[in-house]
Structures are given as C-alpha cells and as structure tokens.
Amino acid sequence: MAVLELVSSSPDWLGALTVALTRPAGVPERRGSEDPWVAAGRAERPRRISDDLAWLRQAYDEPAEHGLKGLEDTAAVMAWETDHEAQERLARLRDRRVLDAAGFLLHEEERIAV
C-alpha cells in the first residue's frame with residue numbers, strides 16, 4: 001500500500017506539465033521519422049508520462065474511480081490510499097519528478113526506513 005499526499009493548497013498542473021514535457025537527461029532527441037519501438041519489435045508504444053499525468057488529473061477529481069481512497073484525520077492537505085495500479089502510475093510520475101512539480105508526495109511502505 002502507498003499513500004498519495006497533496007502538500008500544497010492546490011495542485012500545480014502547469015508546473016507538472018512543464019516537467020512532463022521536458023526530455024529526461026541522457027535521452028537523445030528524436031526526429032519525426034524515427035520510431036525506436038518499431039525497430040525493437042514491440043507491438044505497442046510504451047506508456048507516456050503525459051498519459052500518467054492526465055490520469056492523475058482525472059484521479060484528483062474522481063479518486064474512487066481511479067484507485068484512490070481518501071484518508072480522514074490526517075495533518076495533510078489531502079491524502080489517499082492507493083491500489084496497486086494507481087501506485088505504479090504514481091511511481092512513474094514520482095521517478096520523473098512530475099509528482100513533485102504538481103505538489104504531491106508518494107509514501108510507499110518499502111521506501112520508508114523504520
């Protein structure tokens with residue numbers, strides 16, 4: 001189980017989009033004619049970080065339909081427990097720093113030192 005926490009009064013969607021659209025360090029720029037997934041023999045394109053950001057925006061408005069369960073009696077502005085699928089999406093957003101830019105933190109049990 002993981003907990004998603006909103007740490008500011010409202011999410012910064014524009015800041016998150018800016019980070020999502022920024023090419024990660026070490027990833028070369030591609031040209032329109034290049035499609036590395038065709039050469040790799042993959043049938044489907046991998047999920048894009050912008051897809052996960054769009055999912056987060058929808059999940060913020062409709063948490064129950066997106067695997068988030070609101071937590072009460074917390075000191076956080078807002079907090080939700082996540083299901084497994086939501087945790088995977090949120091972890092990708094965290095790893096690319098999009099979650100931080102939006103004003104959220106992801107607390108995972110296995111990452112918390114006791």
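Values reported hereafter were calculated over all heavy atoms of this structure, with side chains retained and with hydrogens, waters and symmetry mates removed.
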Exercise. Taking ILVMFWY side chains as joined if any heavy atoms are under 4.5 angstrom apart, and letting links pass through other members, which residues group with Val7?
Worked result: Leu105
Exercise. Which distance, rounded to the nearest 0.5 Å, do you find between the CG of Leu93 and the CD of Glu88?
Worked result: 12.0 Å
Seminar exercise, completed: Closest non-hydrogen atoms of Ala20 and Leu53, given as atom of the first, atom of the second and distance, are CB-CD2, 4.1 Å
Problem set entry | Considering all heavy atoms, the nearest His107-Glu5 contact | NE2-OE1, 2.6 Å
Exercise. What pair of heavy atoms forms the shortest contact from Gly15 to Ala101, and how long is it?
Worked result: O-CB, 3.7 Å
Exercise. Should the pair Phe104 and Trp13 be assigned to parallel (<30°), tilted (30 to 60°) or perpendicular (>60°) ring geometry?
Worked result: tilted
For this session: Using a 4.5 Å cut-off on heavy atoms from C-beta on, say whether the side chain of Ser9 contacts that of Val77.
Result: no
For this session: Run through Arg89, His66, Gln87 and flag the one making a side-chain contact (heavy atoms from CB on, under 4.5 Å) with Thr82.
Result: Gln87
Problem set entry | Arg96 atom CZ, over 12 foreign heavy atoms within 6.0 Å | yes
Exercise. Say you draw a straight line from OG1 of Thr22 to CD1 of Ile49; how long is it, rounded to the nearest 0.5 Å?
Worked result: 11.5 Å
Exercise. What is the minimum heavy-atom distance between Ala86 and Gly67, and which atoms define it?
Worked result: CB-O, 4.0 Å
Problem set entry | Considering all heavy atoms, the nearest Leu6-Gly103 contact | CD1-O, 3.4 Å
Problem set entry | Minimal non-hydrogen separation, Leu106 against Ala91, with atom names | CD2-N, 3.7 Å
Exercise. Would you say Leu56 and Leu4 make side-chain contact, with heavy atoms under 4.5 Å?
Worked result: yes
For this session: Working to the nearest 0.5 Å, report the span between CH2 of Trp55 and CZ of Arg92.
Result: 9.5 Å
Exercise. So, do Val98 and Asp52 sit near enough that their side-chain heavy atoms are less than 4.5 Å apart?
Worked result: no
Exercise. Can you find a pair of side-chain heavy atoms, one from Asp12 and one from Leu14, that are under 4.5 Å apart?
Worked result: yes
Problem set entry | pair Arg94-Glu108: side-chain heavy atoms closer than 4.5 Å | yes
